[in-house]
A.B. asks: 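One structure follows; several queries about it will come next.
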Amino acid sequence: MHTENDGRTAPREVIHRMSAVMRKHHAAFDALREETGLGRSAHYTLMRLSDADNVLSQTEIAGMLEISTAAVTNMLKRLEADGYVTRQANPADTRVNDIALTEKGRRVVDFSREKFGALDAAVFAGFTAAETETLCGYLDRMQDNLDALSEKTKGRKEDTL
């Protein structure tokens, strides 16, 4: 790890290394996701539908993805046409469409979980459970520090150079 003597602080080096790990993980994840033939939003939608205890509405999906309901409508039309999901009017409120996975959608989810599980296992190869738990603790603390910083600066413009 670099020290302050060479112009970089140790925390900066840690941030660079964390970023490099995340970029590599993201690239590996995307390569596996691309094997499904689905884009990020469509794939994420199928994965979240599989996590839901029951169906989700288009509005709930739009909120999850932080995109407009119109964009969700277009994506769901494609997913439905390709046989990944079904859309049905909610019996309690016919203005709401309930979205559910089809068998084809479940196969994509099962494939993805298997591949992503293997990726996660490879990333943490050689780590003990205690090391993984310690790492999680450090990351949680860093996130708490960033949250606290965000609260301190909320609504305040930083001075610019």
Side-chain angles (χ1 to χ4, degrees), residues 1-2 8 10-90 93 95-147 149-150:
M1 196 175 308
H2 295 279
R8 286 204 263 183
R12 174 60 40 199
E13 181 64 20
V14 171
I15 297 295
H16 283 293
R17 288 178 184 207
M18 287 177 12
S19 293
V21 168
M22 291 310 302
R23 280 191 305 274
K24 287 179 181 183
H25 182 270
H26 191 78
F29 183 93
D30 269 350
L32 294 173
R33 180 203 36 84
E34 287 172 4
E35 290 182 36
T36 68
L38 296 169
R40 284 185 186 127
S41 294
H43 185 267
Y44 184 75
T45 298
L46 294 185
M47 298 304 288
R48 295 298 64 85
L49 279 168
S50 74
D51 292 340
D53 290 335
N54 49 25
V55 296
L56 293 174
S57 72
Q58 288 182 217
T59 303
E60 290 169 323
I61 293 169
M64 260 183 349
L65 298 175
E66 298 180 359
I67 60 176
S68 72
T69 54
V72 168
T73 298
N74 289 333
M75 178 184 56
L76 290 174
K77 282 181 184 176
R78 288 190 304 275
L79 286 172
E80 184 178 31
D82 292 340
Y84 295 106
V85 299
T86 59
R87 292 187 307 160
Q88 296 180 346
N90 183 304
D93 185 351
R95 296 171 297 168
V96 175
N97 282 322
D98 290 335
I99 314 303
L101 286 174
T102 63
E103 185 55 38
K104 183 178 180 180
R106 283 186 192 86
R107 284 193 305 270
V108 168
V109 167
D110 291 343
F111 169 86
S112 298
R113 287 207 171 114
E114 179 183 328
K115 294 290 187 174
F116 298 157
L119 172 62
D120 292 345
V123 169
F124 286 95
F127 282 74
T128 66
E131 288 172 327
T132 303
E133 192 64 32
T134 298
L135 177 59
C136 285
Y138 292 151
L139 293 172
D140 288 346
R141 192 177 340 156
M142 292 169 73
Q143 189 159 346
D144 290 346
N145 291 344
L146 287 168
D147 289 344
L149 180 64
S150 177

A.B. asks: What do you reckon, is NZ of Lys24 surrounded by more than 12 foreign heavy atoms closer than 6.0 Å?
C.D. replies: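 Counting other residues, nucleotides and ligands, NZ of Lys24 stays at 12 neighbours or fewer.
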A.B. asks: Going by ring pair (Phe, Tyr, Trp, His ring centres under 6.0 Å), His43 matches just one of Phe111, Tyr84, Phe116. Which one?
C.D. replies: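 The residue from Phe111, Tyr84, Phe116 that satisfies ring pair (Phe, Tyr, Trp, His ring centres under 6.0 Å) with His43 turns out to be Phe116.
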A.B. asks: So does Asp98 get a backbone contact from the side chain of Ser57, meaning a donor-acceptor N/O pair under 3.5 Å?
C.D. replies: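 Not at all, since once roles are kept as given, no pair shorter than 3.5 Å links the two residues.
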A.B. asks: Within the side chain of Thr36, is there an N or O that forms a donor-acceptor pair under 3.5 Å with the backbone of Val108?
C.D. replies: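 Not at all, since once roles are kept as given, no pair shorter than 3.5 Å links the two residues.
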A.B. asks: Given side chain to side chain contact (heavy atoms under 4.5 Å, CB included), test Arg113 with Val109 step by step and report yes or no.
C.D. replies: CA-CA 6 Å; Arg113 287 207 171 114; Val109 167; 3.4 Å; yes
A.B. asks: When Ile99 is tested against each of Leu76, Val72, Val55 for side-chain contact (heavy atoms from CB on, under 4.5 Å), which residue passes?
C.D. replies: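 Between Ile99 and the candidates, side-chain contact (heavy atoms from CB on, under 4.5 Å) is satisfied uniquely by Leu76.
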A.B. asks: With heavy-atom distances below 4.5 Å as the criterion, would you say the side chains of Ile15 and Met142 are in contact?
C.D. replies: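 Yes. Closest side-chain heavy atoms under 4.5 Å.
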A.B. asks: Would Arg48 and Asp51 count as a salt bridge (charged side-chain N to carboxylate O under 4.0 Å, His left out) here? Give the steps.
C.D. replies: CA-CA 5 Å; Arg48 295 298 64 85; Asp51 292 340; 2.4 Å; yes
A.B. asks: Would you sort out whether Met75 and Arg78 count as a side chain to side chain contact (heavy atoms under 4.5 Å, CB included), showing the intermediate values?
C.D. replies: CA-CA 5 Å; Met75 178 184 56; Arg78 288 190 304 275; 3.8 Å; yes
A.B. asks: Distance from Met64 atom CE to Met47 atom CE, nearest 0.5 Å?
C.D. replies: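 These two atoms lie 11.5 Å from each other.
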A.B. asks: What's the spacing between Thr86 OG1 and Leu79 CG if we round to 0.5 Å?
C.D. replies: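 Thr86 atom OG1 to Leu79 atom CG measures 11.0 Å (nearest 0.5 Å).
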A.B. asks: CG/Asp120 to OG1/Thr132 distance, rounded to the nearest 0.5 angstrom?
C.D. replies: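 Rounded to the nearest 0.5 Å, the CG-OG1 separation comes out at 11.0 Å.
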A.B. asks: Measure the spacing between CG of Asp140 and CD of Glu133 and express it to the nearest 0.5 Å.
C.D. replies: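 Reported to 0.5 Å precision, the distance equals 8.5 Å.
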A.B. asks: Taking the side chain as everything from C-beta on, heavy atoms only, tell me whether Thr59 gets closer than 4.5 Å to Val96.
C.D. replies: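 They are not in side-chain contact.
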A.B. asks: Please say whether the positively charged group of Arg33, taken as NZ for Lys or CZ for Arg, lies over the ring of Phe29, i.e. under 6.0 angstrom from the six-membered ring centre and within 45 degrees of the axis.
C.D. replies: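 Here Arg33 fails the 6.0 Å and 45° test against Phe29.
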A.B. asks: Surrounding CD of Glu103 (heavy atoms of other residues, nucleotides or ligands, distance under 6.0 Å), is the total greater than 12?
C.D. replies: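 Atom CD in Glu103 is crowded, with more than 12 foreign heavy atoms closer than 6.0 Å.
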A.B. asks: Look only at the side chain of Ser150 and the backbone of Leu146, and say whether a donor-acceptor pair between them is shorter than 3.5 Å.
C.D. replies: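 Not confirmed, Ser150 side chain does not pair with Leu146 backbone.
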A.B. asks: Quick one: CD1 on Ile67 to CD1 on Ile61, what's the gap to the nearest 0.5 Å?
C.D. replies: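 Result: 9.0 Å between the selected atoms.
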A.B. asks: CZ/Arg17 to CD/Glu13 distance, rounded to the nearest 0.5 angstrom?
C.D. replies: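 Those atoms lie 4.5 Å apart.
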